[in-house]
Amino acid sequence: MQIENLATDESTEKAAWEALEKSILYYRGRPIGTVAAYDNSVEALNYDQCFVRDFVSSALIFLVKGRTDIVRNFLEETLKLQPKERQLDAYKPGRGLIPASFKVVSDNGGEYLEADFGEHAIARVTPVDSCLWWIILLRAYVVATKDFSIAYQPEFQNGIRLIMEICLANRFDMYPTLLVPDGACMIDRRMGIYGHPLEIQVLFYTALRAARELLICRGNQDIVAAIDNRLPLLCAHIRQHYWIDIHRLNAIYRFKSEEYGKAAVNLFNIYVDSIPYYELDKWLPRKGGYLAGNVGPSQLDTRFFALGNLMAIISDLATEEQAQAIMTLIDERWDDLVGDMPMKICFPALEHEEYRIVTGCDPKNIPWSYHNAGSWPVLMWMLTAAAIKTDKTSLARKAIEIAQARLCEDEWPEYYDGKKGRLIGKQARNYQTWTIAGFLLAKELINDSSHLPLVSFDKLPLELVSRACEFEIGSVDPYIS
Ligand code: GLC
């Protein structure tokens with residue numbers, strides 16, 4: 001039996017690698033990314049493009065395997081697509097943005113790249129997460145290759161700087177979090193995640209830490225000072241205001257409202273009746289907790305979003321106790337959050353009137369489907385990384401085993417539907433690249449946890465610290481209490 005399992009494991013991995021190879025996108029003869037899905041059975045729409053957020057999963061597995069050239073090419077080419085001039089034209093992407101996706105266009109025997117900053121995307125959504133993932137990936141490349149020179153090139157320094165400027169400079173609100181429109185991240189459709197959604201805040205935090213390591217202080221003093229100012233405030237804000245556990249629910253349940261001025265306790269004027277406190281009271285395990293989906297004026301979105309919570313563990317944005325509590329929640333609410341396919345993008349689904357109002361009656365996002373509490377295998381690598389971080393590897397092993405039994409046979413779907421994730425997603429692509437890469441990456445991580453520093457900040461790699469001193473690069477890490 002054991003030998004049989006091993007054989008299935010091997011053949012699944014072999015099939016995954018073959019599919020991943022097929023997804024590689026070439027530009028002027030060099031590999032520069034992976035297409036979102038290699039599925040000829042349906043209309044490609046934009047799934048034949050390389051999405052920045054999707055490529056991160058492929059890139060990390062390529063880095064693990066020492067295939068660093070494709071990641072380097074990707075970083076260089078996407079940097080060229082970043083607008084470098086200040087734009088006053090409403091239809092031009094803002095300076096510093098990195099596109100959601102790009103494609104290779106053949107023209108008179110030559111080739112060029114065409115970027116999509118959301119101007120072609122369904123519903124014209126803005127990909128705020130792309131520039132954050134780009135910095136996170138650049139750091140992963142530096143960690144993997146110990147090749148600091150790429151990040152220290154003037155073009156890369158400028159690229160990081162422009163991203164920092166678009167995040168840190170002009171803005172309307174006065175929260176340490178980042179204010180973004182709806183659908184600005186992995187959930188790129190209307191799902192009530194406008195304002196200060198967790199996913200963006202966690203990627204922002206992670207990108208700030210990565211940028212702090214990579215930026216040469218000389219010439220960037222203003223940006224470095226701004227990062228140092230923002231990081232501890234952002235960290236404290238998320239840990240305090242996004243956290244939900246039974247103690248916090250008790251505090252919220254007894255909140256007063258309409259408090260004005262500095263002494264206010266209910267800072268965001270959350271009205272208790274807007275919180276599904278009876279459901280939460282039943283659902284929250286005694287020791288479990290999680291970071292809320294969104295916090296804003298009179299808004300506390302109590303849905304659980306997987307990417308934000310898992311990346312908060314990986315990047316140390318969550319405290320050690322919070323990280324443990326999030327994993328406890330996943331363990332104790334396994335059927336809801338993992339079920340038959342790891343794992344739910346969010347929980348619970350928006351249903352009935354709420355679904356109609358919040359999604360705009362989106363037929364793709366019906367309850368328990370796609371972004372509305374569907375199950376996304378790509379999240380498996382983040383679950384695995386978070387499990388390693390918190391010493392809960394048995395949870396990751398269990399999740400990988402569940403996925404392994406189905407993914408290959410189901411032809412690597414983009415997502416699954418249903419309360420337990422037993423149905424292949426209604427409109428899911430097959431051979432979805434980040435499903436394939438996410439599975440391979442989860443396996444690599446669980447087999448060898450020394451790859452974790454590609455995405456985590458446990459200790460600053462020694463080389464970075466010493467090079468930091470040499471180049472006057474910021475390397476202190478005063479943010480974690
Ligand atoms: C869908 C997903 C998005 C992903 C894209 C390509 O639009 O919502 O997160 O990047 O497909 O796979």
Side-chain angles (χ1 to χ4, degrees), residues 19-20 22-25 33-39 42-60 74 78 97-103 115-134 136-137 180-194 197-200 202-203 305-308 310-311 343-346 349-350 359-360 362-366 369-382 411-417 424-439:
L20 185 61
K22 264 198 183 165
S23 75
I24 295 178
L25 189 65
T34 47
V35 295
Y38 189 82
D39 181 0
V42 275
E43 196 196 342
L45 294 176
N46 51 355
Y47 281 79
D48 57 355
Q49 303 202 10
C50 176
F51 278 73
V52 171
R53 73 173 72 85
D54 295 40
F55 181 66
V56 172
S57 305
S58 311
L60 292 173
F74 169 89
T78 43
L97 280 181
I98 296 282
S101 63
F102 61 85
K103 65 177 172 190
D116 183 359
F117 288 87
E119 69 272 44
H120 302 292
I122 294 168
R124 304 293 185 261
V125 281
T126 315
V128 177
D129 63 341
S130 287
C131 60
L132 307 174
W133 276 122
W134 187 87
I136 297 166
L137 183 60
V180 298
D182 213 344
C185 53
M186 176 186 182
I187 297 180
D188 52 0
R189 292 166 91 89
R190 189 174 153 197
M191 267 288 288
I193 54 162
Y194 52 86
L198 180 67
E199 175 171 336
I200 289 290
V202 178
L203 295 177
F305 286 84
L307 194 153
L310 297 174
M311 284 300 291
M343 81 177 270
K344 284 259 172 272
I345 194 167
C346 65
L350 297 168
T359 72
D362 185 343
K364 244 188 133 172
N365 274 339
I366 53 172
S369 179
Y370 199 42
H371 299 138
N372 192 6
S375 303
W376 290 66
V378 62
L379 297 168
M380 212 183 341
W381 78 257
M382 295 179 216
E411 301 186 64
W412 313 99
E414 179 185 14
Y415 64 96
Y416 287 78
D417 287 352
I424 296 176
K426 206 174 210 151
Q427 293 189 45
R429 309 272 146 172
N430 287 342
Y431 295 96
Q432 180 79 18
T433 306
W434 67 0
T435 296
I436 300 164
F439 168 73

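These values consider heavy atoms only, across backbone and side chains, with no hydrogens, waters or symmetry-generated copies. We count residues from 1, following the sequence as given. Whatever order the structure lists ligands and atoms in, that order sets their numbers, starting from 1.
Close approach to His371 involves these atoms of ligand 1, each under 4.0 Å from a residue heavy atom: 2 (C), 8 (O). For ligand 1, the atoms closer than 4.0 angstrom to any heavy atom of Glu414 are 1 (C), 11 (O). Remark: ligand 1 atoms within the under-4.0 Å shell around heavy atoms of Ala36 are 6 (C), 12 (O).
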Scan the side chains in residues 120-131 for donor-acceptor partners under 3.5 Å anywhere in the protein, sequence neighbours excluded, and list what turns up.
| from | atom 1 | to | atom 2 | distance (Å) |
| --- | --- | --- | --- | --- |
| Arg124 | NE | Glu119 | O | 2.9 |
| Arg124 | NH1 | His120 | O | 3.1 |
| Arg124 | NH1 | Ala121 | O | 2.9 |
| Asp129 | OD1 | Arg53 | NH2 | 3.2 |
| Asp129 | OD2 | Arg53 | NE | 2.6 |
| Ser130 | OG | Pro99 | O | 2.9 |

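Met186 O, 2.7 Å is the protein heavy atom nearest to atom 9 (O) of ligand 1. Counting only heavy atoms of the protein, atom 11 (O) of ligand 1 lies nearest to Tyr47 OH, 3.4 Å. Of the protein's non-hydrogen atoms, the one nearest atom 6 (C) of ligand 1 is Asp54 OD2, 3.2 Å. Counting only heavy atoms of the protein, atom 1 (C) of ligand 1 lies nearest to Tyr370 OH, 3.4 Å. Summary of contacts: the protein heavy atom closest to atom 7 (O) of ligand 1 is Asp188 OD2, 2.7 Å. Atom 5 (C) of ligand 1 has as its closest protein heavy atom Phe51 CE2, 3.9 Å.
The proximity of Tyr415 to ligand 1, defined as any non-hydrogen pair under 4.0 Å, does not occur for either the backbone or the side chain. Here Arg189 has no heavy atoms under 4.0 Å from ligand 1, in either its backbone or its side chain.
Stacking of Lys22 on the aromatic ring of Tyr38 is not recorded, the 6.0 Å distance cut-off and the 45° axial limit not both being met.
Contact annotation: the side chain of Gln432 never approaches that of Val378 to less than 4.5 Å [non-hydrogen atoms, C-beta and beyond]. Between Val35 and Lys103 there is no side-chain heavy-atom pair separated by less than 4.5 Å.
Pairs passing the side chain to side chain donor-acceptor pair (under 3.5 Å) check and including a residue from residues 42-52, sequence neighbours excluded, read Tyr47-Glu414, Gln49-Ser101.
The main-chain N or O of Met343 is never found under 3.5 Å from a side-chain atom of Ser375 such that the two would form a donor-acceptor pair.
Of the charged side-chain nitrogens involved, none lies within less than 4.0 Å of a carboxylate oxygen, so that Arg190 and Asp362 do not count as a salt-bridged pair.
Note: Tyr370 and Tyr415 have tilted aromatic rings, judged against thresholds of 30 and 60 degrees for the angle between ring planes.
Considering backbone and side-chain atoms alike, Gln432 places an N or O below 3.5 Å from some N or O of ligand 1. Considering backbone and side-chain atoms alike, Trp376 places every N or O at 3.5 Å or more from each N or O of ligand 1.
Of the N and O atoms on the side chains of Ser58 and Thr34, at least one donor lies less than 3.5 Å from an acceptor on the other residue.
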